[in-house]
Amino acid sequence: MSLNRSLTNVLRTTKNHLQRLENLGVKTVRDFLLYFPRTYNDSSEFTKIVEIRTDQINTMKGKLTNLFNVRTKFGKKITRGVFADDTGSIEVVWFNQPHLTKMLPRNKDLILSGKAKYSLGKISLQNPAHEVIKPYEEQLHSGRVVPIYHETEGISSKWIREKLKPLIDEWTDLFEEYMPQEILDEHGLLDYRTAIQNAHFPKNEKMLQHAKNRLAFDELFILQLKVLQTKWHWQQINAHEEKSLEIKTEDIKAFTELLPFKLTNAQKRVTKEILKDLNKDIPMTRLIQGDVGSGKTVVAAIAALNTVKNGYQVAIMAPTEILAKQHYKGFVETLTPFGLNIQFIAGSSTKKQRDETIRQMKTGTADIIIGTHSLIQEGIGFKKLGLAIIDEQHRFGVKQREILKQQGSPHLLSMTATPIPRTLAITLYGDQDLSIIDEMPLGRQEIITKIVPEQKRIDAYRWIEDQVAKGRQTFIICPLIDESDILEVKSVLTEYAYLKEHVFPKLELGLLHGKLKQEEKDQIMQDFKDNKIKILVSTSVIEVGIDIPNASIMLIEGAERFGLSQLHQFRGRVGRGEHQSYCFLFTNALSEEGKRRMQAMEKHSSGFKLSEIDLELRGPGEVYGIKQSGIPDLKMASLTDSKTIEKARQSAQKIISKDPLLKNHDKLAGKLSEITEVHISD
Ligand code: ADP
Ligand code: MG
């Protein structure tokens with residue numbers, strides 16, 4: 001008997017059913033026993049239709065009152081229905097599943113689970129998963145906590161329960177406890193077998209909670225273990241005494257004395273953390289998190305200076321050309337006095353310039369090379385790369401970071417202006433050490449933020465006109481439309497044309513959207529920066545990190561469509577100069593949650609505070625694009641469960657620091673090898 005035994009030999013069922021299980025990722029006995037319920041028969045878990053939130057998964061219990069197929073002009077089959085509970089109704093749409101009209105009952109209890117989308121003025125549920133509730137089944141299981149599984153066509157929760165129950169009784173004993181006893185004791189966790197049993201068929205509510213706790217801890221713990229071990233490996237393989245850079249106190253002092261400002265305490269602290277890392281013989285992997293305008297660049301510049309003064313090169317990569325250029329200018333200004341040769345490389349560089357820069361990179365003539373993706377194109381190379389800096393790291397993929405790492409495994413410093421609560425950050429970016437700049441430079445003005453009612457729109461436009469006449473510049477962000485890029489571009493074009501013709505006919509307007517080529521975008525940003533454009537109308541593609549000190553107004557349309565972190569990023573585009581800056585939020589329909597988000601914008605200016613509120617209001621999936629992060633789907637754990645995350649991190653750290661190769665934890669090592677490579681910090 002082995003848990004790896006194929007279900008073919010164990011389950012009495014049809015080939016068809018086995019295939020369907022396989023589609024759910026269930027092939028072996030182990031898979032099946034670890035196929036945990038989606039939820040339990042607690043009806044309070046359902047979302048009321050009035051409380052549906054867009055762009056996230058809602059699971060509702062109700063009845064289909066209407067269901068029919070239609071065919072679009074283009075021959076697509078659409079199934080439309082109306083789904084209602086005692087609080088309201090919502091339109092449901094399925095694409096290319098005409099059989100549903102036969103399969104789904106009308107006016108009978110049904111569970112639908114899917115994303116609600118807002119489009120053309122109404123909310124609809126698109127392609128939801130469905131689950132028919134059979135009344136007799138409820139009777140059959142009444143009086144106990146009934147597990148509800150993710151279903152697929154032909155495989156119901158009931159079927160799963162019936163097939164799973166005997167397997168659990170017979171096979172669970174084969175699962176071995178892999179968690180060290182001291183960790184179980186420390187956190188009061190249930191043993192693995194009991195947890196598995198109770199996750200499926202809990203003895204009672206309390207045991208269910210224990211089982212969930214244990215399994216949630218496991219998921220997070222294993223994830224942390226994997227990440228920390230990967231980091232340890234990379235650092236060990238690349239540990240070399242040559243990596244250790246001296247701290248050039250004199251140069252750093254001279255550099256900071258030349259700055260027109262004093263470093264904030266947060267900047268000093270983070271600089272120290274970085275220098276300490278650079279001084280070690282293992283390569284640094286550190287992420288600086290700091291709100292827009294908190295002054296990350298100057299910290300990076302100190303790290304760069306220190307590296308070059310040790311005889312090494314530094315590469316600085318930024319996501320856009322304009323940002324790279326901004327850095328280039330700043331670095332040339334502040335670091336040339338120290339005799340550093342700073343070079344630039346980007347898409348717009350001519351072949352001749354590029355060849356020359358690459359030559360200087362390879363021969364070591366260039367000390368600091370600043371650029372875009374061009375920095376890691378084919379054919380490049382460094383003589384002696386000591387430090388790689390990635391600005392706005394969330395804009396880059398894992399691959400790009402890897403390419404830089406392969407250039408002699410330099411110290412690695414990433415920066416991001418997306419503030420993330422710590423517990424999430426150690427999950428998302430667990431393989432990096434975190435430095436947080438949580439203090440704004442002195443004298444930084446508060447940006448006045450106001451929700452503007454529709455009837456004040458004209459006043460707002462006139463006021464902007466007035467400000468432009470006084471020399472200021474304005475951003476106008478058009479609402480996020482998530483159906484398609486095309487629609488979004490269409491809407492921004494319409495808005496732009498309208499503003500140009502009817503609202504600001506005498507002013508120079510610019511237009512920025514995602515369908516433009518990078519060079520076109522860069523050109524427009526440059527024109528805006530050069531004050532040739534007074535009002536920049538843009539979709540959400542508006543670049544991060546750009547300094548346009550003269551822009552003092554940020555007007556956001558459809559603000560409720562954006563998450564707080566993103567609104568905060570937009571707002572960070574202004575308030576960078578000497579002029580009092582403003583952020584105006586226009587909203588359409590506001591849900592209760594939307595209202596709270598807008599009010600939070602008015603009230604708070606800290607990105608960290610806002611990200612916490614956002615997380616609370618919308619959940620991590622929406623807020624941080626967890627899907628793209630490469631974190632495996634968490635089945636039992638929640639990314640908002642900061643207590644468990646901290647516990648798991650601490651326990652994992654304890655193990656890795658004593659036994660990084662898990663030589664004394666062979667069962668844990670086995671468990672770890674079951675999961676595939678985790679790519680974090682994309
Ligand atoms: P970000 O963290 O968003 O990348 P930057 O590094 O671009 O921010 O800094 C924003 C602006 O603040 C720059 O013009 C920079 O020169 C300035 N700055 C940085 N540190 C300080 C400081 N300690 N005091 C005053 N101004 C500062
Ligand atoms: Mg920056």
Side-chain angles (χ1 to χ4, degrees), residues 252-253 255-274 286-305 314-337 368 370-372 388-396 413-420 425 434-447 475 525 529 542-552 554 565-579 581 583 605-608 610-611:
I252 295 169
K253 199 162 158 249
F255 174 83
T256 48
E257 272 167 10
L258 277 183
L259 289 173
F261 47 75
K262 275 209 168 73
L263 293 183
T264 61
N265 285 327
Q267 283 172 318
K268 283 186 202 157
R269 172 171 41 80
V270 170
T271 303
K272 263 189 209 146
E273 287 168 357
I274 292 168
R286 187 168 285 279
L287 172 68
I288 310 183
Q289 270 193 41
D291 224 334
V292 269
S294 61
K296 296 182 286 294
T297 319
V298 61
V299 173
I302 295 174
L305 175 65
V314 178
I316 302 173
M317 186 162 75
T320 64
E321 181 145 353
I322 181 157
L323 201 53
K325 221 170 239 160
Q326 183 176 300
H327 284 325
Y328 175 70
K329 248 183 90 193
F331 275 67
V332 166
E333 239 166 67
T334 50
L335 288 175
T336 313
I368 299 183
I370 301 177
T372 56
I389 299 173
I390 305 179
D391 195 14
E392 310 294 350
Q393 80 141 9
H394 55 281
R395 299 278 305 269
F396 291 101
L413 182 64
S414 308
M415 303 192 277
T416 180
T418 310
I420 296 184
L434 276 187
S435 281
I436 297 175
I437 304 189
D438 49 5
E439 182 186 354
M440 283 304 212
L442 260 185
R444 194 50 59 83
Q445 49 159 300
E446 284 272 310
I447 298 164
F475 290 96
M525 283 313 294
K529 201 169 169 149
I542 186 84
E543 300 300 353
V544 284
I546 299 160
D547 237 348
I548 301 185
N550 194 49
S552 63
M554 167 60 64
S565 295
Q566 205 175 5
L567 288 171
H568 180 67
Q569 292 279 333
F570 291 150
R571 181 167 62 182
R573 304 297 99 231
V574 298
R576 302 196 145 212
E578 55 190 299
H579 310 291
S581 294
C583 176
S605 57
S606 149
F608 283 99
L610 288 169
S611 85

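The residues of the chain are indexed from 1 along the displayed sequence. Atoms within each ligand, like the ligands themselves, are counted from 1 in listed order.
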At less than 4.0 angstrom from any non-hydrogen atom of [X], what atoms of ligand 1 do you find?
X      : answer
Lys262 : 22 (C), 23 (N), 24 (N)
Val292 : 3 (O)
Arg576 : 3 (O)

I'd like to know if [X] contacts ligand 1, where contact means a heavy-atom distance under 4.0 Å to any ligand atom.
X      : result
Val299 : no
Gly293 : yes
Gly290 : no

Applying a 4.0 Å heavy-atom criterion (strictly less than), which segment of Ile437 is in contact with ligand 1: side chain, backbone, both, or neither?
->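 Answer for Ile437: neither.
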
Record the part of Asp547 in heavy-atom contact with ligand 1 below 4.0 Å; permitted values are side chain, backbone, both and neither.
->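 Looking at Asp547 and ligand 1, just side chain atoms fall under 4.0 Å.
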
Thr416: partners by side-chain contact (heavy atoms from CB on, under 4.5 Å), with sequence neighbours left out |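 So Thr416 forms a side-chain contact (heavy atoms from CB on, under 4.5 Å) with Leu287, Gln289, Gln393, His394, Thr418.
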
For the atom pair [atom1] ([X]) and [atom2] ([Y]), what is the distance rounded to the nearest 0.5 Å?
X      : Y      : atom1 : atom2 : result
His327 : Asp547 : NE2   : CG    : 10.0 Å
Gln326 : Thr297 : CD    : OG1   : 7.5 Å
Arg286 : Ile274 : CZ    : CD1   : 7.0 Å
Lys325 : Lys329 : NZ    : NZ    : 10.5 Å
Tyr328 : Ile316 : OH    : CD1   : 12.0 Å

Who passes side-chain hydrogen bond (donor to acceptor under 3.5 Å, both in side chains) against Thr372, sequence neighbours left out?
->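 Expected list: Ser374.
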
For atom 5 (P) of ligand 1, which candidate among Thr297, Ile288, Thr264 holds the nearest heavy atom?
->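 The nearest heavy atom belongs to Thr297.
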
Any N/O pair Gly295/ligand 1 closer than 3.5 Å |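 For ligand 1, there is an N or O atom that lies under 3.5 Å from one belonging to Gly295.
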
